Enquirer: 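Dumping the structure here so I can ask a few things about it.
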Amino acid sequence: QVQLVESGGGLVQAGGSLRLSCAASGRTFSSNAMGWFRQAPGQERESVAAISYSGSRTYYADSVKGRFTISRDNAKNTVYLQMNNLKPEDTGVYYCAGRLGGTMGRNSYDYDYWGQGTQVTVSS
């Protein structure tokens with residue numbers, strides 16, 4: 001069973017940057033699509049970005065296009081989310097998720113395993 005551990009969250013001022021990391025255990029990481037989701041208090045979990053197993057394809061929610069970049073290093077079993085020009089509305093718990101199979105998914109139900117989440121807080 002694959003386990004995911006997120007890190008890199010924290011408190012940052014608006015306009016600042018953070019880089020989230022998600023380290024995966026297990027040998028199937030390189031054949032799985034990966035995604036980042038976030039959940040603000042009182043709101044549903046929403047997709048932020050996704051990446052195919054090879055890294056050749058990516059997806060971004062409209063709200064983060066041009067500010068966030070998803071990438072992966074299959075040799076290190078790690079997926080990243082670089083977040084620039086952060087806004088207060090980016091605040092929430094960010095989750096890393098993996099999908100068995102190489103194609104990206106845009107919905108939480110597309111994913112098969114999840115990390116525990118890391119808090120991102122953007123102050124105005």
Side-chain angles (χ1 to χ4, degrees):
Q1 184 176 357
V2 180
Q3 292 186 326
L4 302 175
V5 178
E6 301 99 332
S7 61
L11 173 64
V12 64
Q13 289 187 335
S17 298
L18 285 173
R19 188 194 196 199
L20 305 183
S21 298
C22 173
S25 64
R27 293 177 291 178
T28 64
F29 175 81
S30 62
S31 61
N32 293 353
M34 301 297 294
W36 284 97
F37 289 76
R38 67 186 180 191
Q39 188 167 20
Q43 298 188 18
E44 294 186 355
R45 190 171 299 187
E46 63 173 351
S47 176
V48 174
I51 189 166
S52 62
Y53 75 99
S54 66
S56 61
R57 294 188 176 187
T58 57
Y59 158 79
Y60 296 98
D62 287 343
S63 58
V64 306
K65 279 182 182 177
R67 300 189 297 121
F68 290 12
T69 303
I70 188 171
S71 62
R72 66 189 297 161
D73 185 337
N74 286 342
K76 296 182 178 180
N77 277 14
T78 303
V79 62
Y80 305 97
L81 186 68
Q82 177 67 44
M83 305 186 294
N84 298 328
N85 191 22
L86 283 160
K87 303 176 181 181
E89 52 263 42
D90 294 318
T91 294
V93 178
Y94 281 69
Y95 297 90
C96 174
R99 185 181 189 193
L100 299 176
T103 57
M104 299 182 294
R106 301 185 182 186
N107 301 292
S108 58
Y109 55 73
D110 291 327
Y111 289 82
D112 301 289
Y113 53 94
W114 295 79
Q116 82 288 349
T118 185
Q119 177 71 43
V120 171
T121 304
V122 184
S123 63
S124 58

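Everything numeric in this text was worked out from a predicted model, so none of it was measured. These numbers come from the heavy atoms of this one structure, side chains and all, not from hydrogens, waters or symmetry mates.
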Enquirer: What distance separates Leu11 CG from Gln119 CD, expressed to the nearest 0.5 Å?
Expert: 9.5 Å
Enquirer: Grab the two heavy atoms, one from Tyr111 and one from Ala33, that are nearest each other, plus how far apart they are.
Expert: CE2-O, 4.3 Å
Enquirer: For Tyr80 and Cys22: C-alpha separation, side-chain torsions, deciding distance, then whether side chain to side chain contact (heavy atoms under 4.5 Å, CB included) applies.
Expert: CA-CA 6 Å; Tyr80 305 97; Cys22 173; over 6 Å; no
Enquirer: Measure the CG-OG distance between Leu81 and Ser71 for me, rounded to the nearest 0.5 Å.
Expert: 8.5 Å
Enquirer: Is the backbone N or O of Met104 less than 3.5 Å from a side-chain atom of Arg99, with the two atoms forming a donor-acceptor pair by type?
Expert: yes
Enquirer: Identify whether Leu100 and Trp36 are in the same connected component of the hydrophobic contact network (ILVMFWY, side-chain heavy atoms under 4.5 Å).
Expert: yes
Enquirer: Salt-bridged, Asp62 to Lys65, with N to O below 4.0 Å?
Expert: yes
Enquirer: Does Arg106 reach the main-chain N or O of Ala50 with its side chain, forming a donor-acceptor pair under 3.5 Å?
Expert: no
Enquirer: Can you tell me if CD on Gln3 sees more than 12 non-hydrogen neighbours from other groups inside 6.0 Å?
Expert: no
Enquirer: Judged by modelled atom types alone, do Arg38 and Tyr94 share a side-chain donor-acceptor pair under 3.5 Å?
Expert: yes
Enquirer: Report whether Val48 and Val12 are members of the same hydrophobic cluster (ILVMFWY, side-chain heavy atoms less than 4.5 Å apart, transitive linking).
Expert: yes
Enquirer: Between CD of Gln82 and OG of Ser21, what distance do you get to the nearest 0.5 Å?
Expert: 9.5 Å
Enquirer: Restricting to non-hydrogen atoms, name the atom on Tyr95 and the atom on Gly115 that form the minimum distance, rounded to 0.1 Å.
Expert: CD2-O, 3.7 Å
Enquirer: Quick one: closest heavy-atom pair of Thr58 and Ile51, and the distance?
Expert: CG2-CG1, 3.9 Å
Enquirer: Work out which heavy atom in Leu4 is nearest to a heavy atom in Ala24; give both atom names and the distance.
Expert: CD2-CB, 3.5 Å
Enquirer: As an exercise, state the distance from OG1 of Thr118 to CG of Leu18, rounded to the nearest 0.5 Å.
Expert: 9.0 Å
Enquirer: Does NZ or CZ of Arg67 fall inside the cone over Tyr60's six-membered ring, less than 6.0 Å from its centre and within 45° of the axis?
Expert: no
Enquirer: Please say yes or no: joined through hydrophobic side-chain contacts below 4.5 Å, possibly via intermediate residues, are Tyr59 and Val79 part of one cluster?
Expert: no
Enquirer: For Ile70 versus Met34, what's the shortest heavy-atom pair and its separation?
Expert: CD1-O, 4.2 Å
Enquirer: Where do Leu20 and Glu6 land on the side chain to side chain contact (heavy atoms under 4.5 Å, CB included) test, with the steps shown first?
Expert: CA-CA 7 Å; Leu20 305 183; Glu6 301 99 332; over 6 Å; no
Enquirer: To the nearest 0.5 Å, what is the distance between CG on Leu86 and CZ on Phe68?
Expert: 5.0 Å
Enquirer: Nearest 0.5 Å please: distance from the CE atom of Met83 over to the CZ atom of Arg19.
Expert: 11.5 Å
Enquirer: Determine whether a donor-acceptor pair (N or O, by modelled atom type, separation under 3.5 Å) exists between the side chain of Thr78 and the backbone of Ala23.
Expert: no
Enquirer: Taking the six-membered ring for Trp and the single ring otherwise, decide whether the centroids of Trp114 and Phe37 are under 6.0 Å apart.
Expert: yes
Enquirer: Do any N or O atoms from the side chain of Asn32 and from the backbone of Gly98 form a donor-acceptor pair under 3.5 angstrom?
Expert: no
Enquirer: Considering non-hydrogen atoms only, spot the tightest contact between Asn74 and Phe29 and give its length.
Expert: OD1-CE2, 3.2 Å
